[in-house]
Visitor: 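The structure under discussion is supplied below as structure tokens; questions concerning it will follow.
Order of the sequence lines fixes the chain letters, A, B, ..., with proteins taken first and strands second; residue numbering starts at 1 for each chain. A quick note: this is a predicted structure, and the numbers were derived from the prediction, not measured.
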There are 4 protein chains.
Amino acid sequence: VLNELQPISEPGRRFVALAEEHAADFATRAAQHDRDGTFPHENFDAMKQSGFLAAPVPAELGGLGLFSMHDMAVGISRLARGDGSTSIAVYMHLFSVSIMHRMLRSVQSGGSGPPAPALEGLLRGVAGGQIVASITGTEAGTTIRYPRTEVTPSGDGTYLLNGHKIFGTLSPYATMFFVGSRLADGDGGYESVFCAVPRNAAGVDVRDNWDALGMRASGSGDVVYTNVRLPAASVIRSRRPLGAESTVNDPGANLGLIAAFLGIAEAAAATVVDAAKSRRRGPTDRLLAERHTTQHLIGELEVDLQVCRAMIARNGLAFDDALARHPGGAPPEVQEDLERRHQATKYVVNRRAIDAVDRALTASGGAGYMSKHPLSRLYRDVRAGPFMQPYAPMEALETIGRTVLGQPPSDEL
Amino acid sequence: VLNELQPISEPGRRFVALAEEHAADFATRAAQHDRDGTFPHENFDAMKQSGFLAAPVPAELGGLGLFSMHDMAVGISRLARGDGSTSIAVYMHLFSVSIMHRMLRSVQSGGSGPPAPALEGLLRGVAGGQIVASITGTEAGTTIRYPRTEVTPSGDGTYLLNGHKIFGTLSPYATMFFVGSRLADGDGGYESVFCAVPRNAAGVDVRDNWDALGMRASGSGDVVYTNVRLPAASVIRSRRPLGAESTVNDPGANLGLIAAFLGIAEAAAATVVDAAKSRRRGPTDRLLAERHTTQHLIGELEVDLQVCRAMIARNGLAFDDALARHPGGAPPEVQEDLERRHQATKYVVNRRAIDAVDRALTASGGAGYMSKHPLSRLYRDVRAGPFMQPYAPMEALETIGRTVLGQPPSDEL
Amino acid sequence: VLNELQPISEPGRRFVALAEEHAADFATRAAQHDRDGTFPHENFDAMKQSGFLAAPVPAELGGLGLFSMHDMAVGISRLARGDGSTSIAVYMHLFSVSIMHRMLRSVQSGGSGPPAPALEGLLRGVAGGQIVASITGTEAGTTIRYPRTEVTPSGDGTYLLNGHKIFGTLSPYATMFFVGSRLADGDGGYESVFCAVPRNAAGVDVRDNWDALGMRASGSGDVVYTNVRLPAASVIRSRRPLGAESTVNDPGANLGLIAAFLGIAEAAAATVVDAAKSRRRGPTDRLLAERHTTQHLIGELEVDLQVCRAMIARNGLAFDDALARHPGGAPPEVQEDLERRHQATKYVVNRRAIDAVDRALTASGGAGYMSKHPLSRLYRDVRAGPFMQPYAPMEALETIGRTVLGQPPSDEL
Amino acid sequence: VLNELQPISEPGRRFVALAEEHAADFATRAAQHDRDGTFPHENFDAMKQSGFLAAPVPAELGGLGLFSMHDMAVGISRLARGDGSTSIAVYMHLFSVSIMHRMLRSVQSGGSGPPAPALEGLLRGVAGGQIVASITGTEAGTTIRYPRTEVTPSGDGTYLLNGHKIFGTLSPYATMFFVGSRLADGDGGYESVFCAVPRNAAGVDVRDNWDALGMRASGSGDVVYTNVRLPAASVIRSRRPLGAESTVNDPGANLGLIAAFLGIAEAAAATVVDAAKSRRRGPTDRLLAERHTTQHLIGELEVDLQVCRAMIARNGLAFDDALARHPGGAPPEVQEDLERRHQATKYVVNRRAIDAVDRALTASGGAGYMSKHPLSRLYRDVRAGPFMQPYAPMEALETIGRTVLGQPPSDEL
């Protein structure tokens with residue numbers, strides 16, 4: 001693919017190469033899973049087998065040692081060319097693992113965090129083939145910063161978790177859920193907490209109810225927690241009031257999730273560029289590639305892709321650079337800068353990926369509107385982007401503007 | 001609905017009122033037909049029953065006497081609020097009938113055309129409850145101006161028709177097809193001809209193979225003609241070479257088809273405006289309607305709708321005005337002006353209706369992405385617009401530009 | 001001009017014809033006044049002479065009897081083709097006169113308002129060749145609904161006016177100013193009032209300080225009022241608190257002001273379409289009109305113009321229709337509907353007129369960037385649009401959205 | 001400035017630091033030179049003095065050793081914050097010098113090119129304080145690839161140059177012109193040649209006739225060559241037919257020229273962000289920075305800037321990377337890839353910089369429309385971007401599309 005994103009680290013190169021292999025395979029099943037709305041368990045089995053799922057585990061703990069979030073994003077974009085649903089679902093896992101890796105480096109650099117042996121144990125588990133985690137945070141009627149899912153002390157040192165999460169991507173395959181929750185602070189307020197919940201704990205109900213316009217194979221149904229009993233060690237306290245957290249507590253959080261939509265747009269572009277080189281149209285039967293209306297449209301499409309790539313690349317490089325400079329945690333002004341870039345990247349890529357697929361559909365001349373054509377799936381899949389956390393488009397613009405103007409974040413957008 | 005389009009003629013008012021009644025009914029079945037990809041026969045039975053299908057028949061011949069193309073467009077936009085698929089399918093019929101009505105007026109005003117009694121007969125047939133027609137013109141690999149479907153003289157005064165049409169909207173219900181075709185002129189060239197083909201003629205194969213991203217209940221499958229024998233009277237000669245016809249030989253042709261997409265956008269808007277008035281979101285639980293990001297988005301959406309309405313209204317009024325001024329046929333410069341407006345209207349409405357539904361989806365906050373939500377259907381249906389004849393967006397712009405610059409039409413866009 | 005706006009009334013036709021004659025004349029001086037930033041007194045003298053300035057005066061009182069706001073807008077758009085500055089300046093006068101005409105009709109229909117003889121007197125004055133009015137409302141640091149210009153009772157039955165208005169378009173030529181002001185209500189609040197101030201009253205300082213990017217010949221400098229003594233009859237009380245007025249107390253208020261920007265865009269289009277028909281470019285020396293990139297660009301430009309015209313036409317027709325149906329004043333829901341349309345029209349036309357001139361500049365291939373080329377003026381003039389009252393673009397969108405969602409107007413956009 | 005572009009090389013850091021110092025100084029005179037249309041000789045004297053004009057000269061030859069085109073672009077963007085006209089004029093010189101530097105490296109790496117001592121001599125001259133060059137290529141009525149300026153052999157081994165160039169940016173200050181020309185090949189065709197013409201040669205007429213909408217201090221008037229006698233050594237033969245050259249024979253050619261427009265947009269943004277933090281508006285007198293419409297607008301503006309930066313950064317890094325990998329000249333497929341990125345970058349940055357300044361103007365609330373406000377100059381300056389070589393927007397899109405589709409370049413866009 002012309003001027004595509006390239007990994008910058010050696011583990012990144014292996015990760016991206018694996019992503020390309022998997023993508024070619026997953027593409028053969030994407031239409032079927034989309035039609036049936038089924039979760040592609042075999043894709044995840046293959047990624048477990050290849051070591052892809054352990055990529056962010058340090059090499060000495062048995063993984064690929066992937067640490068660059070730039071390269072993580074590049075690999076996810078490649079995978080998304082084959083199957084968008086799989087790419088966002090696997091990212092839920094990979095991102096969680098990458099956080100463990102980062103915490104380990106931070107602790108090793110003298111930063112605060114969980115003890116290194118615990119983190120190493122978790123990472124070794126992933127290297128051993130376990131799917132350890134999925135973060136599921138969205139709830140109906142509130143924002144991700146203000147969950148209503150709640151843990152309550154049961155009096156015996158354990159806690160009970162209750163709540164109803166939606167958009168639980170990867171839930172059909174995950175073995176453990178990290179659940180954003182709240183804990184009453186005794187003063188009428190709440191503390192923000194995270195809970196680590198094994199899938200097989202009593203009271204965990206993973207519902208097979210995902211039926212959406214697109215991303216139909218992402219397994220994004222509801223997960224309901226009813227009086228799930230958790231040991232204290234599984235309730236990770238933040239010691240901060242609900243909402244006080246930065247909107248993106250990790251400003252590289254969703255870069256891979258953003259990159260998935262670039263991959264979808266790239267797949268759409270490839271489809272129509274290839275077709276234009278062989279399809280002819282009457283009365284003159286000239287190739288579409290020789291027609292200037294097609295050239296104009298493909299020019300616009302290429303610009304879309306280049307803009308998406310440039311935003312992801314600059315964002316990813318800046319994030320990696322900040323990690324390298326501040327292994328123990330970046331200062332607030334760096335965090336704020338990274339967040340602002342991250343939100344702008346999300347805003348731009350989500351929209352231009354949609355535009356790109358729309359142009360591809362136009363360039364397909366009606367063929368892409370047929371259910372059997374891959375574009376009809378890509379058009380539905382790519383529209384999921386703006387719904388992804390943390391911000392809807394309007395809210396993103398206003399949040400970006402607020403920080404540029406030196407205003408505090410707002411809960412009332 | 002705020003500032004919605006209003007009919008300007010008395011028959012138009014009755015037509016629009018019927019459209020609204022039907023829309024309310026059809027809306028109850030739209031999701032089911034969309035899911036199953038089935039043709040809504042019961043909708044057409046109801047429209048036959050109500051007199052809606054005979055609306056463009058003169059009152060003295062048993063119809064509503066609808067003559068204003070402006071009002072036709074208004075009524076179609078209303079119907080599309082209930083079911084987009086039905087609205088475009090019924091338009092195929094209504095438009096054909098309206099042409100008969102116009103021909104009759106033209107002949108009665110001293111213009112050229114088929115004999116009045118023949119036209120009256122056809123119109124009485126429609127009033128009597130018959131579905132007389134559907135125009136099916138698109139073929140793979142060529143443009144609508146250069147059909148490869150061909151009639152050949154059989155030597156006995158009859159003709160044989162052979163060809164393969166796609167996007168045969170309304171084909172499951174139509175009783176007669178008007179087929180754009182070509183006839184060899186003996187000099188290596190072709191004459192443009194129209195054929196009137198009864199559905200039950202031998203060699204007509206109406207295929208039940210419509211399976212698309214949207215407009216799934218429109219019955220737009222292939223219709224294949226294999227050695228269909230036609231009497232000479234059913235082969236309507238143009239005496240003009242293929243391609244010489246104006247791109248839109250009737251510049252009001254697709255105004256109703258354009259208006260259908262306004263109706264879809266209006267339905268999308270209504271859904272989210274209603275929801276915003278009752279849905280609340282944490283942490284403050286204020287109504288979405290009270291949030292300025294929602295207000296901004298709904299403001300943009302309202303502007304989209306107003307632009308679509310203004311373009312359709314101005315186009316329709318100009319078309320009706322030209323008909324009134326030139327009952328026997330408008331001079332070329334008027335035709336050209338009407339065509340340029342028509343193409344601009346199509347270009348603008350197709351795109352802004354898509355934008356409007358996209359904004360509605362954003363405003364729905366994820367709810368609209370679910371298969372069970374009407375927006376997930378509207379988002380797929382509305383994307384059909386730019387594929388409608390006569391021009392794709394790039395080609396429309398260039399064609400408009402050419403006429404403004406005094407350049408002849410081009411077959412090589 | 002292709003598919004240009006056409007007047008619908010007989011007085012409108014005369015008004016538009018005069019506008020076209022004046023435009024051709026004014027065009028010859030537009031560049032000079034723009035360069036020097038001088039007010040075109042001779043243009044106004046010519047318009048006084050021709051009867052153009054008395055157009056909205058009823059025929060029986062000596063004017064053209066222009067009543068249709070649609071046709072007013074059409075005429076202003078024509079005039080703006082010759083000189084944008086003149087068109088917006090003269091509109092300040094014409095609009096004020098049209099309000100007098102409307103008030104007279106309202107009073108004659110039994111509506112409330114000033115006594116008919118007083119209105120007739122004012123209108124006869126205008127017919128006699130007087131420039132009676134200019135409305136100047138903008139102030140630095142506040143909005144038009146909350147003026148800080150204030151009238152205070154002097155104790156002897158007269159009032160003193162103090163304030164500093166900016167953007168006082170037409171001030172070099174006006175003989176009387178209508179000044180939006182406030183009057184303390186004794187309870188710490190203010191009543192909204194209008195003052196009629198003769199230009200030659202002591203304390204009126206019309207400053208020759210207009211020096212802007214564009215609209216340089218519009219005479220839009222400051223007007224400062226220092227202890228201007230006014231008789232009670234010149235202080236028109238609203239009996240309503242400041243800000244309680246509808247944002248546009250007359251929803252047809254600025255339609256002509258909007259239409260001026262269409263005229264500027266039309267002039268820009270004409271320039272490049274003409275040039276493209278005669279200019280050639282190497283190496284092939286084909287006409288620009290024959291090049292598809294030019295055709296595409298001109299196609300986009302034509303669409304811009306059509307959208308502007310459609311919005312203005314639909315808005316104008318709706319306004320005229322409401323006046324005809326409700327001669328004594330339209331009910332609130334009609335007013336609200338008209339305002340929403342008006343704001344959408346302003347938003348769309350201001351932006352697309354800018355886009356159109358930008359495209360024309362691109363199509364000029366660099367020539368238009370030269371100071372001697374008319375496009376370099378049109379590009380600066382057209383950018384004034386979004387600054388016109390009542391709303392900036394963002395505020396317009398949000399205000400539109402609020403009314404669609406049933407929310408009250410806001411002072412905190 | 002938030003997340004601004006940063007240099008990646010040590011010489012680049014010095015170059016950028018100098019650019020920032022000069023920008024602060026030049027900003028104090030920018031308004032005056034803009035008003036008067038005068039060339040800022042004192043700015044160039046200052047840049048000569050500081051060593052800025054010798055930046056691309058290797059350190060061992062007396063310059064800063066600037067080699068990274070990424071960093072060149074960063075520095076130009078900084079300079080443009082102070083004065084856009086100066087930034088594009090100085091780039092004409094700096095770019096020429098950077099090509100000499102690159103040729104020297106290429107020759108030293110075994111690539112073909114002029115002898116190293118000659119190049120070193122030229123570069124030492126620049127380090128010694130000479131302004132050696134300006135490339136002036138545009139002519140009326142043809143494209144940059146098909147100059148009509150012609151050199152003809154005079155029979156005595158010398159050549160005569162005749163032609164009329166326009167847009168001769170920096171011509172008031174340059175001491176030598178590099179002139180794109182043609183030379184008859186004896187078969188009715190032409191060879192593409194470059195001529196090095198001393199400013200003081202007989203027959204060189206540098207006209208003081210630059211009077212444009214913006215970039216008024218860039219000295220971009222005509223340069224006319226009439227029978228200018230040149231030694232053979234000053235006529236640099238390409239041995240290739242006219243038009244055969246790649247459209248951008250050096251795909252990093254205009255990156256600095258593109259970056260100038262980012263700088264202008266950044267200056268516009270800074271102006272309104274600062275103002276919003278201190279300006280208040282009635283009736284509530286809240287800061288503009290606290291208003292969500294301002295926040296939304298500033299959010300859009302920040303996204304514009306981020307997109308521009310990301311495109312320039314990715315493009316610059318790729319260009320530097322290709323230079324490092326291929327010191328003797330990059331292979332065709334790499335050249336093509338770089339060109340496609342370059343054109344996309346130009347297309348995106350030119351447009352979004354215009355959009356950004358437009359938003360800033362809106363955010364200024366009318367203040368920016370005044371001649372005395374810097375935005376009124378920035379708005380005119382930034383519009384020059386799309387006229388810069390090599391491609392207008394439509395042509396850029398189509399050229400990009402052609403290469404993606406594997407089509408050859410076209411002379412007929």
Visitor: At a 4.5 Å cut-off on heavy atoms, which part of B:Gln295 comes close to chain A: side chain, backbone, both, or neither?
Guide: neither
Visitor: When only pairs under 4.5 Å are counted, which of A:Gly37, A:Ala392, A:Gly214 shares the most heavy-atom pairs with chain B?
Guide: A:Gly214
Visitor: Is it the backbone or the side chain of A:Ala384 that comes under 4.5 Å from a heavy atom of chain B, or both, or neither?
Guide: both
Visitor: Can you check whether B:Asp211's main-chain N or O pairs, donor with acceptor, with A:Ser371's side chain at less than 3.5 Å?
Guide: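 Checked: pair present.
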Visitor: Relative to chain B, which of A:Trp210, A:Tyr146, A:Tyr379 shows the most heavy atom pairs under 4.5 Å?
Guide: A:Tyr379
Visitor: NZ of B:Lys372 to CG of A:Leu213: how many Å apart, nearest 0.5 Å?
Guide: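 Here the interatomic distance stands at 14.0 Å.
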Visitor: At a heavy-atom separation under 4.5 Å, does B:Arg148 approach chain A through its side chain, its backbone, both, or neither?
Guide: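 Just the side chain, heavy atoms under 4.5 Å.
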Visitor: Can you tell me which portion of B:Leu361 sits under 4.5 Å from chain A's heavy atoms? Options are side chain, backbone, both or neither.
Guide: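 For B:Leu361, the contact with chain A is made by backbone and side chain together.
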Visitor: In terms of heavy-atom pairs under 4.5 Å with chain A, which of B:Gly282, B:Pro386, B:Pro393 leads?
Guide: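 Result: the option with the highest number of such pairs is B:Gly282.
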Visitor: Using a cut-off of under 4.5 Å for heavy-atom pairs, which of A:Arg216, A:Met215, A:Arg281 has the most such pairs with chain B?
Guide: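 Top option by heavy-atom pairs under 4.5 Å: A:Arg281.
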Visitor: Assess, by modelled atom type and distance only, whether the side chains of B:His292 and A:Glu398 contain a donor and an acceptor separated by less than 3.5 Å.
Guide: yes
Visitor: Taking only Lys NZ, Arg NE, NH1 and NH2, and the carboxylate oxygens of Asp or Glu, determine whether A:Arg351 and B:Asp358 approach each other closer than 4.0 Å.
Guide: yes
Visitor: Using a 3.5 Å distance criterion without hydrogens, assess whether the side chain of A:Tyr369 forms a donor-acceptor pair with backbone atoms of B:Phe387.
Guide: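 No: the side chain of A:Tyr369 does not pair with the backbone of B:Phe387.
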Visitor: Tell me, for B:Pro283 versus chain A, whether the close heavy atoms (under 4.5 Å) come from the side chain, the backbone, both or neither.
Guide: both
Visitor: Using a cut-off of under 4.5 Å on heavy-atom pairs, state which of B:Glu139, B:Glu290, B:His296 scores highest against chain A.
Guide: B:His296
Visitor: To the nearest 0.5 angstrom, please state how far the CZ atom of A:Arg291 sits from the CD atom of B:Glu395.
Guide: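 Separation between the atoms: 8.0 Å.
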Visitor: So for atom CG, which belongs to B:Asp208, do other residues, nucleotides or ligands contribute more than 12 heavy atoms lying within a distance under 6.0 Å?
Guide: no
Visitor: Testing the 3.5 Å rule here: is there a donor-acceptor pair between the side chains of A:Thr362 and B:Arg383?
Guide: yes
Visitor: Would you check if there is a donor-acceptor pair between the side chains of B:Thr142 and A:Arg280 at a distance under 3.5 Å?
Guide: no
Visitor: Work out which heavy atom in B:Gly141 is nearest to a heavy atom in A:Asp285; give both atom names and the distance.
Guide: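 Closest approach of B:Gly141 to A:Asp285, heavy atoms only: O-OD1, 4.4 Å.
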